[in-house]
2 protein chains.
Amino acid sequence: MTRADRLLRAASDLFVRLGYEKTTVSDLTRAAGVSKGAFYLAFPSKDGLFEALLLREMRDYLAAAREALAVHPRAGSIGALYEVALRGLEASPVMAVLLRRDRDVFGRYLRQPDNFFRKFGAGHQSRGEVLAQLQAVGVVRPDVDVDVAAHVMNLISVGWVTVDEVLDTPAPPAEEVIAGLAAMMERALGPTQPVDLAPARALVDRMYAEGIAGLNAMLAQAEGGP
Amino acid sequence: MTRADRLLRAASDLFVRLGYEKTTVSDLTRAAGVSKGAFYLAFPSKDGLFEALLLREMRDYLAAAREALAVHPRAGSIGALYEVALRGLEASPVMAVLLRRDRDVFGRYLRQPDNFFRKFGAGHQSRGEVLAQLQAVGVVRPDVDVDVAAHVMNLISVGWVTVDEVLDTPAPPAEEVIAGLAAMMERALGPTQPVDLAPARALVDRMYAEGIAGLNAMLAQAEGGP
DNA sequence: CATTGACCAAAACGACTAAATTGGTCATCA
DNA sequence: TGATGACCAATTTAGTCGTTTTGGTCAATG
């Protein structure tokens with residue numbers, strides 16, 4: 001495991017637990033078993049590491065989803081998409097705080113004028129466009145308004161990572177909720193008649209691949225020496 | 001308009017705008033055009049006013065939803081329920097911060113051991129039970145897991161009042177999203193075959209009535225002199 | 001020459017205090 | 001007698017200033 005990797009791994013834990021401010025460079029180097037100097041050989045700054053962490057986590061999230069879909073029997077369907085998306089979210093605390101723009105975690109970092117969201121926020125294609133393409137290949141019913149549906153999906157994502165801290169009643173097991181929500185979305189948006197999933201499957205795989213490639217490009221730019 | 005009402009009205013605006021801490025009793029009396037002494041004739045304390053405000057707002061929210069359903073052509077259906085629930089949420093900033101447990105608004109108040117949520121949190125029947133009853137009268141398909149569906153609905157509510165501050169892309173017009181989401185939920189949970197909505201309509205009306213009555217009882221307890 | 005950690009300026013923190021505000025009361029007024 | 005606002009104790013704020021900690025550097029090292 002490379003130096004940068006060990007730092008990234010330590011960061012993933014520390015940033016989520018302590019937040020950006022409370023996590024000091026010394027904490028990171030100590031946890032990673034690396035000297036302070038080495039830190040600055042691997043990353044240009046504390047910010048740089050943080051941004052690399054977020055980008056890498058997003059990439060890994062997409063990659064995991066893509067792999068899960070590769071072996072998913074109903075890959076291409078809305079339901080399958082939801083299943084892997086939520087399961088991945090459930091597995092990645094970094095993605096959760098990222099999606100939530102968790103203030104406790106991002107702290108002052110968010111106030112920086114050139115923070116992650118402003119720097120890397122654009123560029124990815126919106127969920128509306130994705131839905132439109134899925135509609136073209138028949139896995140989304142023709143009568144659904146893709147922009148509205150996209151917004152609902154965003155809303156659900158945000159809700160997914162936020163309910164727990166707001167709700168008092170305990171949530172049902174995550175796996176059940178995932179299955180239920182996937183089924184609901186399939187019913188809500190999916191076609192009435194069964195369709196051939198192959199084209200959608202290929203389309204989705206391509207979109208994931210593009211997303212991953214884009215993130216890799218950003219990562220290459222974000223990492224590197226001081 | 002009674003003194004208490006004017007204070008409540010001023011509070012609804014000020015608490016949401018400034019939050020609990022920043023809103024002083026003097027602010028409230030000034031905005032309501034009432035003397036400080038009168039304040040303590042109408043409410044036992046600042047806390048008391050705040051809690052009365054929250055309870056009243058919840059009651060008004062339910063009452064408005066009930067009235068809207070009374071003239072709604074598809075009242076009784078899941079879709080109609082969603083329509084009025086979200087439209088009401090859209091109209092009431094207090095309900096929004098309440099649902100979000102907005103820290104910026106509730107501030108230190110939440111740390112009090114006997115705050116609103118602990119004091120009045122219990123008592124209302126859970127969404128799971130509501131769904132189960134709706135299932136019994138046929139407007140929710142028999143195969144849906146009501147607890148999971150209830151959790152998804154909670155998640156959507158929280159997402160509804162939270163997305164905006166997290167999302168960067170502009171949301172479609174609220175009315176469109178409401179219509180879309182209502183349709184989606186109807187498809188996701190509603191019966192495949194058309195059913196007679198009358199029983200569900202009556203059931204829902206009764207449940208709203210009970211909820212309103214419960215809140216009125218709590219209000220009676222919460223208001224009153226020092 | 002890759003790696004280190006002692007070192008530095010700058011920023012954050014913390015203990016302290018004086019001044020200002022707060023939620024709440026009550027003698028007074030109309 | 002219902003309503004008022006000057007008033008009070010208690011808390012919060014804003015300011016000060018010495019101490020500590022921070023992100024980042026670079027001469028020394030193996």
Side-chain angles (χ1 to χ4, degrees), chain A residues 1-8 10-11 14-15 17-54 103-116 119 222-226, chain B residues 1-11 14-15 17-54 103-116 222-226:
Chain A
M1 191 163 44
T2 143
R3 228 174 18 203
D5 272 333
R6 296 166 65 199
L7 281 165
L8 249 3
L14 286 172
F15 278 131
R17 267 189 20 230
L18 309 178
Y20 182 79
E21 298 166 58
K22 293 282 182 191
T23 303
T24 71
V25 175
S26 302
D27 287 338
L28 290 166
T29 56
R30 198 181 319 125
V34 167
S35 76
K36 190 104 80 78
F39 180 102
Y40 288 92
L41 290 175
F43 297 97
S45 64
K46 189 188 177 189
D47 279 14
L49 165 66
F50 191 41
E51 286 162 11
L53 171 67
L54 298 179
R103 288 186 185 185
D104 294 341
V105 170
F106 286 93
R108 276 197 188 76
Y109 173 79
L110 270 186
R111 276 164 211 148
Q112 293 184 22
D114 61 338
N115 67 47
F116 182 82
K119 212 189 286 186
E223 282 186 25
Chain B
M1 189 162 46
T2 144
R3 229 174 17 206
D5 272 333
R6 296 167 63 200
L7 281 166
L8 249 2
R9 180 175 294 230
L14 287 172
F15 278 132
R17 268 189 21 230
L18 310 178
Y20 182 80
E21 298 166 59
K22 293 283 181 191
T23 303
T24 71
V25 175
S26 302
D27 288 338
L28 290 166
T29 56
R30 198 181 318 127
V34 167
S35 76
K36 190 104 79 81
F39 180 103
Y40 288 93
L41 290 175
F43 297 98
S45 64
K46 189 190 176 187
D47 279 14
L49 165 66
F50 191 42
E51 286 162 12
L53 169 66
L54 299 179
R103 289 186 184 185
D104 294 341
V105 170
F106 286 93
R108 274 199 190 73
Y109 173 80
L110 270 185
R111 275 163 211 148
Q112 293 183 21
D114 60 338
N115 67 47
F116 182 82
E223 282 185 26

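Letters go in sequence order (proteins before strands), and every chain restarts at 1.
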Side-chain touch A/Y109/A/E51, heavy atoms, less than 4.5 angstrom: yes
Check the distance between [N]'s [atom2] and [X]'s [atom1] and give it to me in whole angstrom.
{"X": "A/L14", "N": "D/dG23", "atom1": "CG", "atom2": "P", "value": "12 Å"}
{"X": "A/F39", "N": "C/dT4", "atom1": "CZ", "atom2": "C1'", "value": "15 Å"}
{"X": "A/R111", "N": "C/dA12", "atom1": "CZ", "atom2": "P", "value": "12 Å"}
{"X": "A/F43", "N": "D/dG24", "atom1": "CZ", "atom2": "P", "value": "13 Å"}
{"X": "B/D47", "N": "C/dT22", "atom1": "CG", "atom2": "P", "value": "16 Å"}
{"X": "B/Y40", "N": "D/dG5", "atom1": "OH", "atom2": "P", "value": "16 Å"}
{"X": "A/L49", "N": "D/dG24", "atom1": "CG", "atom2": "P", "value": "11 Å"}

Listed nucleotide nearest any side-chain atom of B/L41, set D/dA3, C/dT3, D/dG24: D/dA3
Cationic N near anionic O, under 4.0 Å, A/R103 to B/D104: yes
Sugar-phosphate, base or nothing in reach of A/K36, heavy atoms under 4.0 Å: base
Sugar-phosphate, base or nothing in reach of B/R3, heavy atoms under 4.0 Å: sugar-phosphate
Cationic tip of A/K46 above A/F39 ring, under 6.0 Å, 45° of axis: no
Step-by-step side-chain contact (heavy atoms from CB on, under 4.5 Å) determination, A/V25 to A/Y40: CA-CA 10 Å; A/V25 175; A/Y40 288 92; 3.8 Å; yes
B/R9: partners by salt bridge (charged side-chain N to carboxylate O under 4.0 Å, His left out), with sequence neighbours left out: none
By salt bridge (charged side-chain N to carboxylate O under 4.0 Å, His left out) - contacts of B/R108 (at least two apart): B/E21
Test of ring centre spacing under 6.0 Å for A/F50 and A/F15: yes
Filtered N/O pairs between nucleotides 8-12 of chain D and protein, under 3.5 Å:
none

Axis deviation across the helix from C/dC1-D/dG30 to C/dA30-D/dT1, five-pair ends, to the nearest 10°: 30°
Any residue of residues 20-28 of chain B with a heavy atom less than 4.0 Å from an atom of DNA chain C: B/T23, B/T24, B/V25
Closest contact, heavy atoms only, [X] versus [Y]:
{"X": "B/L110", "Y": "B/N115", "value": "O-ND2, 2.8 Å"}
{"X": "B/L14", "Y": "B/A31", "value": "CD1-CB, 3.9 Å"}
{"X": "B/T29", "Y": "B/S35", "value": "CG2-O, 3.8 Å"}

Results of side-chain contact (heavy atoms from CB on, under 4.5 Å) for B/T24 - residues two or more places apart only: B/S26, B/D27
